[in-house]
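Working notes, structure below.
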Amino acid sequence: MAENNEAPGSSGILLISVFLVATCGLVYELIAGALASYLLGDSVLQFSTIIGDYLFAMGVGSYLAQFVGRRQPAVAFTRLQNSIALIGGFSAAAMHVAYSYSGGFRLVLYLLVFLVGLLVGVEIPLLMAILKRNYGFRELVSQVLALDYLGALLASVLFPLFLIPQLGLIRTSFCCGLVNVAVAWIFASSFRLRIPLLRAEMAVVGALLLGGLAASERITRWAEEGLYPDPIVLSRSTPYQRLVVTRKHQEIRLYLNNNLQFSSRDEYRYHEALVHTPLSCVKEPRRVLILGGGDGLAAREILRYKSVQQVLLVDLDPEMTALFRTHRYLSRLNDHSLSDPRLKILNADAFVWVSENKEPSFDAIVVDFPDPSNYAVGKLYTKTFYQRLHPLLAPGGALSVQCTSPLFARRSYWCIVETIKAAGWQVKPYHLYVPSFGEWGFTLASQDSPPEPDLRRLPVGLKYLDAAALPDMFLFPADMAALPSPINRLFDQVLVRYYEQDWRSIVDS
Amino acid sequence: MKRRHFLQGALALPWLASCSSRQSGLSGQIVGANFALGHRLRQAGQATVRPPQKVDVVIAGGGIAGLTAAWRLSQAGVDDFVMLELEEDAGGNSRAARYPASPAPWAAHYLPVPTRESTVVRRLLREMGLLRGSNLFEEGQLCHANEERVYVLGRWEEGLFPKAGASSDDFRQLRQFEDHIQKWQKWRDRRGRKAFAIPMAFSSPELRYLDQISMAEYMARQHWNSPRLLWYVEYGCRDDYGCSLQNTSAWAGLHYFASRDGGGFEPKDLQFVWPEGNHRLVQHLERDLGQRLHTAQLVMRISRQGDLWEVQTQNQTWRARQVIYALPTFLRPYLLQEQARPQFTYAPWTVCNLVLDRLPPSVTREGAGLSWDNVLYDSPGLGYVVATHQTQSHLQGPSVWTYYRPWSELEPALARQQMLDSDWEGVCRQVFSELSPVHPDLREACRQLDVMHLGHAMVRPLPGFIWSQQRQAAAQPGKGIYFAHSDLSGFSIFEEASYHGVRAAQEALSDLGKAGADFLRE
């Protein structure tokens with residue numbers, strides 16, 4: 001309790017504390033702003049509200065400062081530092097986890113920002129009260145404020161240029177927490193506060209932060225896992241995408257770049273509709289082309305036809321096809337279709353491949369690409385691309401294209417249909433309900449006469465497609481009915497813009 | 001890098017082709033002008049080894065002007081010519097680098113859809129099957145969406161004007177500027193000539209007064225002071241001319257924005273883009289040259305000997321009835337022994353090709369997705385162009401990025417000295433430090449970085465130069481000698497180079513009594 005015997009030079013230490021406290025305080029604020037922008041989008045809104053929240057909390061803190069540490073300001077300051085270290089240091093990790101595992105991300109976000117702002121707000125007046133003994137009022141205010149703002153400058157420069165690129169958000173927040181603990185420790189020792197409990201508190205917080213820093217990789221992964229509803233059984237980053245397979249009881253799900261590709265529970269609906277609709281238009285299909293579809297599930301359906309002699313699967317990612325060919329669970333899902341002697345795998349960019357191959361050698365083509373969420377994938381939905389499919393199809397052949405949801409992304413769906421039509425195809429749009437996806441749409445297309453699926457050609461053993469389901473797929477109720485749409489061109493991809501707007505309106509509502 | 005075409009002309013200075021250091025897995029080198037030969041231009045003429053050869057026409061220079069001159073001669077059935085090129089490849093500023101992942105441009109990397117006046121380019125594109133009749137394009141070779149994006153305040157935005165953080169006054173001035181440009185696009189003089197045509201020879205001379213002031217002065221007189229608008233307009237000047245606003249004539253600055261009118265096609269801002277840049281056009285132009293193209297030939301002297309012209313290279317003398325001089329104008333005092341030193345000045349550039357094992361994950365950060373042209377607001381370089389933009393439909397695989405740096409803030413001579421002094425490691429450091437705030441993971445994805453310094457990349461349209469007497473006089477033919485180079489237009493774009501190439505060839509044909517169709521008008 002040696003509150004009164006100050007060490008020489010402690011006012012220097014106090015001023016450095018102001019500087020470091022200001023730097024760390026602003027970094028916490030920037031972390032919250034950046035994280036909210038990444039996760040919620042609309043960075044202007046996020047930054048404005050977070051800055052407002054933080055400044056308001058600082059105001060509240062400054063007001064409350066008059067009631068804090070009247071008798072032992074140095075002890076109060078050390079405890080404050082320690083609390084900031086704990087709350088601020090864990091803030092990024094806490095927000096990540098809150099986003100992944102609870103619906104209350106915004107609540108946690110604003111609460112944490114408020115708490116940190118409140119504590120920082122108490123801190124500066126408290127420091128001024130301590131410093132008052134060594135300085136005159138004018139000198140004091142100007143020195144403290146100058147250092148406070150200088151710290152803010154350092155933070156705002158360091159944050160985007162060094163901290164984010166080198167450390168990332170979670171590590172940055174732990175490191176700042178450690179700086180706060182260090183300030184507390186140095187402060188306490190320069191004031192010779194020999195209070196065992198205080199030291200123990202600092203040691204615990206420091207240890208927690210170091211532990212958090214060491215585990216930050218694992219925390220990131222854990223937070224990511226929370227984005228998926230089921231336990232992850234396999235995750236892999238290929239040069240082309242991030243592949244995640246989850247499994248719960250008997251249900252296996254595949255996610256590519258966080259987007260659900262299929263659930264083993266109902267994927268038969270999707271793949272039966274995708275494959276049998278075009279193949280039943282063709283008399284004795286012999287050669288079939290699959291573009292995309294590296295999971296081998298469309299191939300499984302194609303290989304049901306006795307007449308099929310050859311299947312060519314063109315998929316970008318060799319790791320994806322290798323995984324679904326060799327992995328125990330996954331190859332069981334596709335009935336080992338990727339190891340079938342009738343199937344050949346070619347790992348190539350479909351956009352390039354169709355431009356270089358013009359042999360009319362396929363009786364049916366199945367086009368199964370990811371949704372057009374960016375301009376790169378969007379090329380696979382352009383008029384030019386569909387035109388380049390013409391020479392690949394043998395006379396009397398048929399084509400099917402996965403076209404996203406006609407219900408959630410109605411404009412996008414009809415834009416794709418119109419584009420296929422504009423590329424010189426006779427089209428029949430169709431859709432069905434896939435529980436894990438919702439209402440899903442496709443386009444059936446052929447060259448000379450309209451495509452006519454023939455029920456008699458369907459292979460035996462299908463679980464969904466039958467005499468009752470087939471005609472139904474071609475009927476569109478009013479909320480999915482055709483919309484007039486411009487076509488999607490390479491140099492002007494309206495589809496990518498529609499797609500983004502359509503899905504954003506679903507997510508926001 | 002919208003609207004950039006550099007053309008012929010890297011003969012220039014001896015560049016040190018320093019070899020790579022291989023620290024931390026990055027290889028690469030400074031490639032470029034054939035300096036071993038270039039050095040010898042300043043030395044006295046050396047005895048040539050082989051006996052002189054005779055030919056009808058010598059084309060000195062194998063850039064776009066030389067190549068289009070050869071193309072025009074061949075169309076007229078004149079086949080007895082040779083083309084002399086300093087480098088290992090023809091093409092000048094339209095040369096390309098070849099990497100396993102993709103070819104990539106060394107400089108010029110796109111061609112806007114030609115204007116109606118651009119008859120030479122239209123004819124060429126028809127020949128290549130890119131333009132059928134007069135209205136059908138091969139869509140796959142037009143620039144795919146998204147064309148360009150700009151990085152500003154930590155976020156990518158579609159388009160080139162930096163919108164984030166702009167004030168309402170910034171937007172108001174941008175709208176005024178755009179309306180102003182539209183007025184110039186519609187403007188015609190009494191004889192129906194455009195204000196700013198491509199080729200520039202078809203422009204109305206009534207607006208020559210605009211050449212007397214700089215673009216900076218022009219902007220000031222319109223009360224345009226928005227920093228963002230000034231950046232945007234200067235970006236155009238740096239991109240197409242390698243010049244700051246102060247060093248660009250207002251006529252040239254307005255020409256950049258008002259001249260590309262889409263030639264009657266919609267939308268108006270379409271352009272052809274190829275992975276290898278404008279080398280696609282070079283491949284077409286040089287396909288029939290065969291043995292007539294002589295590379296690694298330094299033209300050292302061009303002189304009149306009786307009725308013939310004698311063209312001397314480091315190891316061969318050519319005697320010809322006619323010479324098409326398709327080299328930069330500033331070399332004329334050296335090669336033709338002319339006393340007058342024309343005041344043609346040239347902007348230096350550094351171009352880098354970054355060979356990437358994979359696209360760095362940061363390409364998909366915040367905002368608009370990877371585009372063909374990716375620009376950083378308020379940055380010394382012009383950004384980077386993605387060679388695989390037209391060929392890939394994914395955002396991950398190997399790629400090549402071409403980074404452009406004009407030295408518009410320095411006097412050209414000083415910039416050239418700095419380029420000479422800089423080594424490969426220094427350039428790598430500069431490039432990565434400029435791009436790392438946006439792509440902190442670029443360095444790990446990059447396997448090879450090649451650098452090309454172009455000492456005299458493009459002629460500079462300084463105020464007063466474009467409509468000067470000396471520029472126009474430099475294009476006048478002599479007896480049996482014809483001048484072809486983009487610098488004769490005062491700025492360096494494919495359309496101007498090909499215009500002068502065809503013009504010079506037609507002057508030569510006319511003197512041979514073989515004047516045929518006028519490609520410049522139909």
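- With a 4.5 angstrom heavy-atom cutoff, B/Gln141 does not touch chain A via any of its atoms.
- The main-chain N or O of A/Phe351 is found under 3.5 Å from a side-chain atom of A/Ser355 such that the two form a donor-acceptor pair.
- Within a 6.0 Å radius of CD in B/Glu434, other residues, nucleotides and ligands contribute more than 12 heavy atoms.
- The candidate with the highest count of non-hydrogen atom pairs below 4.5 Å against chain A, out of B/Thr364, B/Asp357, B/Asp441, B/Asn146, is B/Asn146.
- For chain B, the option among A/Val377, A/Thr382, A/Asn374, A/Asp349 with the highest count of heavy-atom pairs below 4.5 Å is A/Asp349.
- In this pair, B/Tyr377 and B/Trp231 present their aromatic rings perpendicular. The plane angle is above 60°, beyond the 30 to 60° band.
- Within 6.0 Å of the CZ atom in A/Arg411, the count of heavy atoms belonging to other residues, nucleotides or ligands exceeds 12.
- For A/Arg388, the part sitting under 4.5 Å from any heavy atom of chain B is the side chain, from C-beta outward, and nothing else.
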